[in-house]
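What follows is a set of notes on a single structure, which appears directly below.
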Amino acid sequence: MEATQKKRRFTMPSSFTVLFLIIIVIAILTWLIPAGEYQVDDAGNLIAGTYDQIASQPQGIWDVIMSPIHGMLGTAETSGAVEISLFILMVGGFLGIVNETGALDSGVAATVKRYKGKEKMLIPILMILFALGGSTYGMAEETMAFYPLIVPVMIGVGFDAVVGVAIVLLGSQIGCLASTVNPFATGVASQIAGISPGEGILWRLVFLVVTLSIGIFFVYRYASKIEEDPTKSLLYHQKNENKPMKMTDNVAELTKKQLHILVLFGLTFFMMILSLIPWEEFGVMLFVDFNNWLTSIPILGEIIGTATIPLGEWYFQEITMLFLVMSIVVGVVFRMGEARFISAFLKGCGELLSVALIVAVARGIQVVMNSGSITATILHYGETGLGGLSAGMFAILTYIFYIPMSFLIPSTSGLAGATMGIMAPLGEFNGVQSHIVITAYQAANGLVNLISPTSAVVMGAMALSGVNIATWWRYTAKIIVVIFIASLAILWLAALLS
C-alpha cells in the first residue's frame, strides 16, 4: 500500500439517493411521531384547528421499498404521480421533435446575425428569449448548445466571456426562477398542492418581469463598463485562462419551414397558458360560450366531441394531449418521416425519463407520511408553531426555508414532491394561498440554481466559456442579493393582496 493515498473527495449523492434516504427517515419517524388526522370540508381541504390523534401506523421495510411504486400509481390516501409523469414525457417528446427540426438553434443564430454590429442590443433581446424558455418549459441543459455561439460573439465585439455566460445562464435560469407554467416546477408543485398550474400566474408574471429586469440591468451595465474601459472586465488580468470554445459554424440558416416551427412552438405554450388560466373566475365567459356553441352544432359537434372542455378548465390530462397533438403537427409541417418522427419523439421522452421517475420517488415520501398518518401531525406542529405569523412573514420564511432545501435536493421536481404536500396546506392554515407557496419554492430553487457548484447547468456553462466558478460567484453576488430582496418584497406583497 502506498504511503500516501489520495483522499476520496466527497461527492453529493444524486437526487434519487437523497429522496430514498428521506423516505427511510420518514418511515422511522412514523414509529416516533404520533399519528393524527384533520377533518376535511366538502372540497377535501383540511380544516384548521380540527386535529386529533389516532392509532399509530408505523411503516416498515416493505412500505419503504413499495413507496416509489405507490408514488407513481397512487394509494387510497395519496394520489399517484402517473398523470404528471406522463405529462413530462409528452413535453419531452414535443421538445425532441422541435429540436430535431433545428428551429431553436437556427432561430437564436438568426437573431445574433441580425444584430451584428449592434451586439449590446442583443443582451435584452436574448435574455428575454432565454427567460421565456426557462419560464415556460424549464430550459436548462438545452442552453449548452448556445455558449459556443454567443460567448465568442461577445468577446469578439469587445466584451468578455462573463457577458456571454450571463446572457444565456442568467436569462434561462431567471426564467426558471420565475416559472409561469414550467411543467417541472409549477406543474409538479401545483399537482401536489391540488390546484391548477394557472392559479397565481399573474404574480409569477410580476416575478418574471421584475427579476428579469434586474438581470438585464446588471448584464447591460457590466457590458457598458467594459466597452468604456476594458480593464473593468473580471477576466482582464487572466486573458490567457479565458479560452472558450470556438464559435460554432454548423448552425444552418433559419429556413421558412423552421420559422413555421417556431411559430407553432410559441403557439403551443400560448395555448397552454390560455387553457390553464381560470377565466370564469375573472368573469370572462368567452371560451365557455365558444365551447358550448361549437359542441351544440349538429353533427359537427358530435364529430369534434361533446365532452370537449373549454380553455380555462384544462388540467394535466388536457395539456398532455396538447403537447402530443402539437408534436404531430410540428412533424407534419416539417414533413418529418414517420420513422424519424418516432425516433426523435422517443429520444425526447428518454431525455426526461429521469424527471418523470423522480416525481414518483418524491411522491413516495408523501405516501409513507400519509400511510403512517404523520402528515397531519407535522402540519399540526406547524400550525401551532407558526400560527401567530402574518401571511407576509410566512411567505418570506417559506422562501428562506427553500434555499437550503434546494442545496439538499437540487432537482426542481424532486424538491416539490418532497415538500409541497406539507408546505401548501401549512400555508393555507396561515392564510397564504398555495400558489404563493409554489412561487416561493420555485423562486428560492431558481436562485440557488444560478450559482450552485453541484448544478450541471452552471458547471457546464463555466467549462464551455472558460470562466472560473469563483469569478462567476463574484460577478453574480450583487445580482443574487438584489433578486433575493426583490423576491422577499414580491412574496410579502402577494401574501397580503391575494
Side-chain angles (χ1 to χ4, degrees), residues 108-109 111-112 115 118-135 139-178 208-236 238-239 241-245 247 446-453 455-484 486-487:
V108 172
T111 304
V112 172
Y115 284 87
K118 298 179 287 185
E119 281 79 7
K120 200 158 69 168
M121 288 303 299
L122 279 172
I123 293 174
I125 293 170
L126 289 178
M127 287 187 72
I128 290 172
L129 290 176
F130 284 121
L132 290 175
S135 184
M139 188 181 196
E141 288 83 359
E142 299 89 342
T143 59
M144 293 302 156
F146 297 111
Y147 292 103
L149 173 65
I150 293 173
V151 171
V153 170
M154 293 299 117
I155 294 175
V157 297
F159 302 141
D160 64 9
V162 172
V163 175
V165 173
I167 288 172
V168 183
L169 184 57
L170 279 182
S172 62
Q173 296 312 295
I174 283 177
C176 292
L177 179 154
L208 180 61
V209 171
V210 172
T211 54
L212 182 57
S213 297
I214 292 170
I216 291 173
F217 169 78
F218 275 99
V219 178
Y220 197 91
R221 188 180 70 164
Y222 177 70
S224 298
K225 285 182 177 179
I226 297 175
E227 189 177 44
E228 295 174 3
D229 182 2
T231 63
K232 296 293 185 181
S233 169
L234 295 175
L235 302 175
Y236 182 76
Q238 48 182 342
K239 284 188 176 181
E241 298 178 21
N242 183 29
K243 297 178 181 178
M245 185 182 296
M247 183 174 178
L447 187 73
V448 171
N449 287 334
L450 289 174
I451 57 172
S452 176
S455 168
V457 176
V458 173
M459 298 312 294
M462 299 303 109
L464 286 173
S465 63
V467 176
N468 186 280
I469 186 65
T471 303
W472 178 247
W473 287 341
R474 180 182 172 190
Y475 172 72
T476 55
K478 289 182 180 179
I479 303 174
I480 294 296
V481 170
V482 174
I483 289 179
F484 177 82
S487 299

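The residues of the chain are indexed from 1 along the displayed sequence. Values below: every heavy atom of this structure, side chains too, minus hydrogens, waters and symmetry copies.
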Under the side chain to side chain contact (heavy atoms under 4.5 Å, CB included) test, which residues partner [X], sequence neighbours left out?
X	answer
K225	R221, K232
A486	V210, I214
S224	K120, Y220
I216	P124, M127, I128, L212

Closest non-hydrogen atom pair, [X] against [Y]:
X	Y	result
I451	V458	N-CG2, 4.2 Å
S135	L208	OG-CD2, 4.0 Å
I155	A161	CG1-N, 3.7 Å
F159	V163	CB-CG2, 4.0 Å

Quick check for you: to the nearest 0.5 Å, what is the distance between [X] atom [atom1] and [Y] atom [atom2]?
X	Y	atom1	atom2	answer
I174	I483	CD1	CD1	4.0 Å
W473	S452	CH2	OG	8.5 Å
M462	Y147	CE	OH	6.5 Å
L126	I150	CG	CD1	5.0 Å
W472	L234	CH2	CG	10.5 Å

Checking [X] now: which residues fulfil ring pair (Phe, Tyr, Trp, His ring centres under 6.0 Å) with it, not counting sequence neighbours?
X	answer
F217	none
Y222	Y475
F130	F146

Solution key, residues 165-173 side-chain donor-acceptor pairs under 3.5 Å, sequence neighbours excluded:
residue : atom : partner : partner atom : Å
S172    : OG   : V168    : O            : 2.8
S172    : OG   : L169    : O            : 3.4
Q173    : NE2  : M139    : O            : 3.3

Within the structure provided, determine whether I226 and V162 are in side-chain contact (heavy-atom separation under 4.5 Å).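 They are not in contact (no side-chain heavy atoms under 4.5 Å apart), so the answer is no.
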Would a 4.5 Å heavy-atom cut-off, applied to side chains only, mark L235 and V467 as touching?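 L235 vs V467: side chains touch.
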Just to verify, what does T476 make a side chain to side chain donor-acceptor pair (under 3.5 Å) with, not counting sequence neighbours?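 Residues passing side chain to side chain donor-acceptor pair (under 3.5 Å) with T476: none at all.
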